[in-house]
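Counting starts at 1 for both ligands and their atoms, in listed order.
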Amino acid sequence: MLVDSFSVAGKADTTEYKSSKFVYNNTEVEMKDGHAVVTPTHKELEIRISQHAPKTGLMLVGFGGSNGSTLLGGLLANQHNISWERKDGVCNPNFFGSMIESSTVRLGTTHAGEDVYAPFRSLVPFVDPKNPDQFMLGGWDINNDNMYAAMQKAAVLDVTLQHKLRPYMENITPMPSVFDINFVAANQEDRANNVITAEYAKEMLGEEVDTTGRRWYVEVIKAQMRKFKEENNLEKIVVLWTANTECFAPIIEGVNTTEAELLASLKDAEKSKHIAPSSLFAIAAIEEKVTFINGSPQNTLVPGVIEYAVRNRSMIGGDDFKSGQTKMKSVLTDFLVSSGIKPTCIASYNHLGNNDGLNLSSPAQFRSKEITKANVVDDIVASNDILYKRPGEIEKPDHCIVIKYLKYVGDSKRAMDEYTSEIFMRGKNTIVLHNTCEDSLLAAPIIMDMALCGEMLGRLEIREPNGEWENFHPVMNTISFFCKAPRVPDQTPIINALPAQRACLENILRCVAGLPIETNMRLENRVM
Ligand code: NAI
């Protein structure tokens, strides 16, 4: 049974905050002569979130791409309740694929033995994407197509819907952006007809600019963000990179390994060439105290950027949307390894025919993707040395990733995976998957979720009883569920397993709502 909303008996929230006290049960482990001594720990904590969900603008870098135009079209269809016809009937808009909008949490069981569920979004006051007065989109693209034309080129949404969306989208044009062909594939150059120039910078900043290095780009981006916020009466903005995958930026001592190096390099003609356009957006967001999320695989968040964000207490997150094949991988590998089965060989092939695929046909950009896709099984494998035990070395499954550009399949990416595992008494088990991932239709709701979560995390505070309220860490590992290669604070383990990632987010928000964490023990059904 599903209910729209719920209250917790005996819990009284104020109009200003939704808050709860809870006991955080954990353990401390100490290794003594190869033996683990586990001490259970219990800590009283208070957690709260402001009840006010601010009017928020999500600014996408790469707004005019397949993801950007699909999210805008889908959002507007939901906000204006636009239905459309197809040969199989009339379709109504939905947010399927959004964990926040379309998944549920279990509240408990009635006396009659029926489980009761509530929408995930009812746990805390999220920004409501269905309400155009609360959530809107904007952003940058190096291509000047209006958003209707961009949606047509992406060829993702049904054409009948595109016609209906035309009046809402043809007057929206992305803002000019920073372009550096050295970071993306040569085949993207033709798209770049909407880039920030010295003349545009003068117009935005009201004065002549010194175009040495790349600091001036950061200043223009900051001015664009402020203008967008002001013109749309927004209380908050979130910036998210969904532009083309860049190659990895080199990490060079003296250039970008610390905050001080990075800020100095921005003004240096030579050193600044190593600072990727995506990092310039991250730096601008940090300086404006705006949440920044990287949805592509490259290392936008180089060490200097992370240090800058942490010191400024400005929220950052990423990397790379976990939408199709990798999502399956982080479920399947977790299921196999936690069942005591040993994956030994994972072969993953993809082919796709959208512009992302074209960009990834270039080796340096493919390499960024290969890295984020490959690391996703590491922590799962590391969790079970019973299976992966070769004294003196780290054993991992053979793991290969191939991506090919085949124009004909367009945005309908095909993902084919073969998982071979060792089972009982050296037997072998092989699972073969064929997955048609409608790439942008899978990614668009994830982009929205990342923004809604990123915004929400900025309002979430925690403290020990009577201590100072503190936000969560600026490196938002709480949004790992949405990321192929989750960014985590220093000295923190990376969790890739999808169920663990979801449980983390759900349980933190259950604490705010005053619900117990979901343990799945259900003793009431198991004990006489
Ligand atoms: P796309 O190629 O259709 O769109 C990218 C857009 O970025 C283009 O409109 C391009 O003109 C623009 N662009 C390039 N450089 C720019 C810059 N410096 N500033 C502003 N705009 C710039 O690609 P799509 O399919 O929308 O994917 C976007 C990104 O999301 C890619 O990096 C992709 O790897 C990543 N991604 C996509 C997933 C999916 O399922 N669709 C999953 C995981 C990651």
Side-chain angles (χ1 to χ4, degrees), residues 59-72 97 139-147 149-151 153-156 173-185 187-196 214 217 220-221 224 239-247 275-282 284 293-298 300 318-327 350 352-362 365-366 368-373 376 403 405 410-413 415 435-447 450 482-485:
M59 299 185 76
L60 299 175
V61 195
F63 194 27
S66 301
N67 287 347
S69 59
T70 303
L71 178 56
L72 180 65
W140 299 263
D141 205 288
I142 51 152
N143 190 268
N144 69 0
D145 276 342
N146 69 59
M147 291 305 291
M151 170 175 63
K153 280 190 190 155
V156 175
T173 307
M175 292 182 287
S177 185
V178 186
F179 185 63
D180 182 347
I181 191 65
N182 295 309
F183 281 89
V184 292
N187 59 34
Q188 297 298 311
E189 190 150 27
D190 290 350
R191 292 184 68 86
N193 61 9
N194 194 35
V195 299
I196 295 172
R214 295 193 162 174
Y217 284 128
V220 174
I221 296 166
Q224 289 171 315
V239 172
L240 185 147
W241 179 275
T242 178
N244 287 136
T245 298
E246 297 172 331
C247 59
I275 305 177
S278 62
S279 299
L280 297 176
F281 278 91
I293 297 166
N294 175 33
S296 299
Q298 73 278 336
T300 300
D319 297 321
D320 207 2
F321 312 124
K322 184 152 82 169
S323 57
Q325 186 179 41
T326 312
K327 201 172 210 162
N350 301 251
L352 72 169
N354 56 17
N355 188 52
D356 180 34
L358 183 62
N359 182 57
L360 293 175
S361 61
S362 158
Q365 285 67 31
F366 165 70
S368 300
K369 197 59 128 184
E370 187 182 35
I371 291 171
T372 56
K373 277 179 169 272
V376 75
I403 304 179
Y405 176 64
D411 203 58
S412 262
K413 183 172 85 184
N435 184 348
T436 304
C437 313
E438 293 267 13
D439 228 12
S440 306
L441 294 174
L442 289 173
I446 291 176
I447 294 176
M450 282 174 135
F482 309 107
C483 304
K484 260 202 241 344

> Which heavy-atom pair separates N193 from N144 by the least distance, and what is that distance?
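Distance-wise, the nearest heavy atoms are OD1-N, 2.8 Å.
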> For atom 14 (C) of ligand 1, what is the nearest protein heavy atom, given as residue, atom name and distance?
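For atom 14 (C) of ligand 1, the nearest protein heavy atom is N244 OD1, 3.2 Å.
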> With respect to G65, determine whether any N or O atom, backbone or side chain, lies less than 3.5 Å from an N or O atom of ligand 1.
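Looking only at distances, the answer is yes, because the N/O contact criterion of under 3.5 Å is met.
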> Testing the basics here: between A276 and F183, what is the closest heavy-atom pair and its distance to 0.1 Å?
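Scanning both residues, the minimum pair turns out to be CB-CE2, 3.4 Å.
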> Output yes when a side-chain donor or acceptor of D439 lies under 3.5 Å from a complementary backbone atom of A443, and no otherwise.
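Answer holds: no.
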> Please list the nearest protein heavy atom to atom 2 (O) of ligand 1 with its residue and the distance rounded to 0.1 Å.
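Result: N355 ND2, 2.7 Å.
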> Any heavy-atom pair between the side chains of C483 and K322 that's under 4.5 Å?
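The answer is no, as the side chains (C-beta and beyond) never meet within the 4.5 Å cut-off.
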> Using a 4.0 Å cut-off to any heavy atom of G62, which atoms of ligand 1 qualify?
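So the answer, numbered in order with elements, is 6 (C), 7 (O), 12 (C), 20 (C), 21 (N).
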> Measure the spacing between CG of L60 and CZ of F281 and express it to the nearest 0.5 Å.
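Here the interatomic distance stands at 11.0 Å.
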> How far is atom 23 (O) of ligand 1 from its nearest protein heavy atom, and which residue and atom name does that atom have?
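Ranked first by proximity to atom 23 (O) of ligand 1 is D356 CB, 3.7 Å.
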> Under 4.0 Å from a heavy atom of S177: which atoms of ligand 1 are those, numbered in the order shown and with their elements?
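Once the distances to S177 are compared, the set is 17 (C), 19 (N), 20 (C).
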> Give a yes or no on whether the backbone of T245 and the side-chain of N359 come within a donor-acceptor separation of less than 3.5 Å.
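Confirmed, N359 side chain pairs with T245 backbone.
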> Can you tell me if N359 has a non-hydrogen atom under 4.0 Å from ligand 1?
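N359 does not count as a contact of ligand 1 under the 4.0 Å cut-off.
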> Which of the atoms in ligand 1, numbered in the order shown and given with their element, are less than 4.0 Å from a heavy-atom of V178?
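Those of ligand 1 that fall under 4.0 Å from V178 are 17 (C), 18 (N), 19 (N).
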> Do the side chains of M151 and L72 get nearer than 4.5 Å, heavy atoms only?
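No, side chains not in contact.
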> Near G295, which atoms of ligand 1 are under 4.0 Å from a heavy atom of that residue?
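The atoms of ligand 1 under 4.0 Å from a heavy atom of G295 are 35 (C), 44 (C).
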> Could you check N194, D141, V220, I142 and say which one makes a side chain to side chain contact (heavy atoms under 4.5 Å, CB included) with P176?
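Answer after filtering N194, D141, V220, I142: N194.
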> Please work out whether any backbone atom (N, CA, C, O) or any side-chain heavy atom from C-beta onward of K484 is under 4.0 Å from ligand 1, and answer side chain, backbone, both or neither.
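It is the side chain that gets close, since no backbone atom is under 4.0 Å.
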> May I ask you to identify the nearest protein heavy atom to atom 42 (C) of ligand 1, giving residue, atom name and distance to one decimal place in Å?
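Ranking protein heavy atoms by distance from atom 42 (C) of ligand 1, first comes S323 OG, 3.4 Å.
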> Among N294, L352, D141, which one puts a heavy atom closest to atom 11 (O) of ligand 1?
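The residue whose heavy atom sits nearest atom 11 (O) of ligand 1 is D141.
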> Hey, does S278 have a side-chain heavy atom less than 4.5 Å from the side chain of V61?
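They are not in side-chain contact.
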> Using a plain distance cutoff, I'd like to know if D439 has any nitrogen or oxygen under 3.5 Å from a nitrogen or oxygen of ligand 1.
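Yes; at least one N/O pair falls below 3.5 Å.
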> N355 versus N244: any side-chain heavy-atom pair under 4.5 Å?
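Side-chain contact under 4.5 Å: yes.
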> Please list, in number order, the atoms of ligand 1 under 4.0 Å from a heavy atom of S66.
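The atoms of ligand 1 under 4.0 Å from a heavy atom of S66 are 1 (P), 3 (O), 4 (O), 25 (O), 26 (O).
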> Would W241 count as being in polar contact with ligand 1, using the rule that some N or O on each side must be under 3.5 angstrom apart?
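So ligand 1 has no N or O lying under 3.5 Å from an N or O of W241.
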> Quick check: closest heavy atoms across Q365 and E246, and the distance to 0.1 Å?
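So the two residues come closest at CG-C, 4.2 Å.
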> Which of the numbered atoms in ligand 1 are under 4.0 angstrom from any heavy atom belonging to D320?
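In order of numbering, the contacting atoms are 43 (C), 44 (C).
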> Quick check against the 3.5 Å criterion: does R214 have a side-chain atom that pairs as donor or acceptor with the backbone of I275?
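A pair under 3.5 Å: yes.
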> Taking a cutoff of less than 4.0 Å between a non-hydrogen atom of the residue and any ligand atom, is K413 in contact with ligand 1?
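No, K413 has no heavy atom closer than 4.0 Å to ligand 1.
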> Can you tell me which portion of A243 lies within the under-4.0 Å heavy-atom range of ligand 1? Options are side chain, backbone, both, or neither.
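Both backbone and side chain of A243 come within 4.0 Å of ligand 1.
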> Could you point out which residue of N67, T70, N354 forms a side chain to side chain donor-acceptor pair (under 3.5 Å) with D411?
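For D411, the side chain to side chain donor-acceptor pair (under 3.5 Å) check succeeds only for N354.
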> Hey, does G64 sit under 4.0 Å from ligand 1 if you only count heavy atoms?
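Under 4.0 Å: yes for G64.
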> For ligand 1, which atoms, with element, lie under 4.0 Å from some heavy atom of A443?
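Contacts of ligand 1 toward A443, numbered from 1: 39 (C), 40 (O), 41 (N).
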> Return the minimal non-hydrogen interatomic distance between F321 and K484, and the atom names on each side.
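Residues F321 and K484, closest heavy atoms: O-NZ, 3.0 Å.
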> Can you list the atoms of ligand 1 that are under 4.0 Å from a heavy atom of V61?
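Close to V61: 19 (N), 20 (C).
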> Quick test: of every protein heavy atom, which one is nearest to atom 28 (C) of ligand 1, and how far off is it to 0.1 Å?
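Checked against all protein heavy atoms, atom 28 (C) of ligand 1 sits closest to T242 O, 3.0 Å.
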> What residue and atom, counting heavy atoms only, is the protein's closest point to atom 26 (O) of ligand 1, and at what distance?
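Among all protein heavy atoms, the one nearest atom 26 (O) of ligand 1 is N67 N, 2.9 Å.
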> Does any N or O atom in N143 lie less than 3.5 angstrom from one in ligand 1, N or O only?
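No, there is no polar N/O contact under 3.5 Å.
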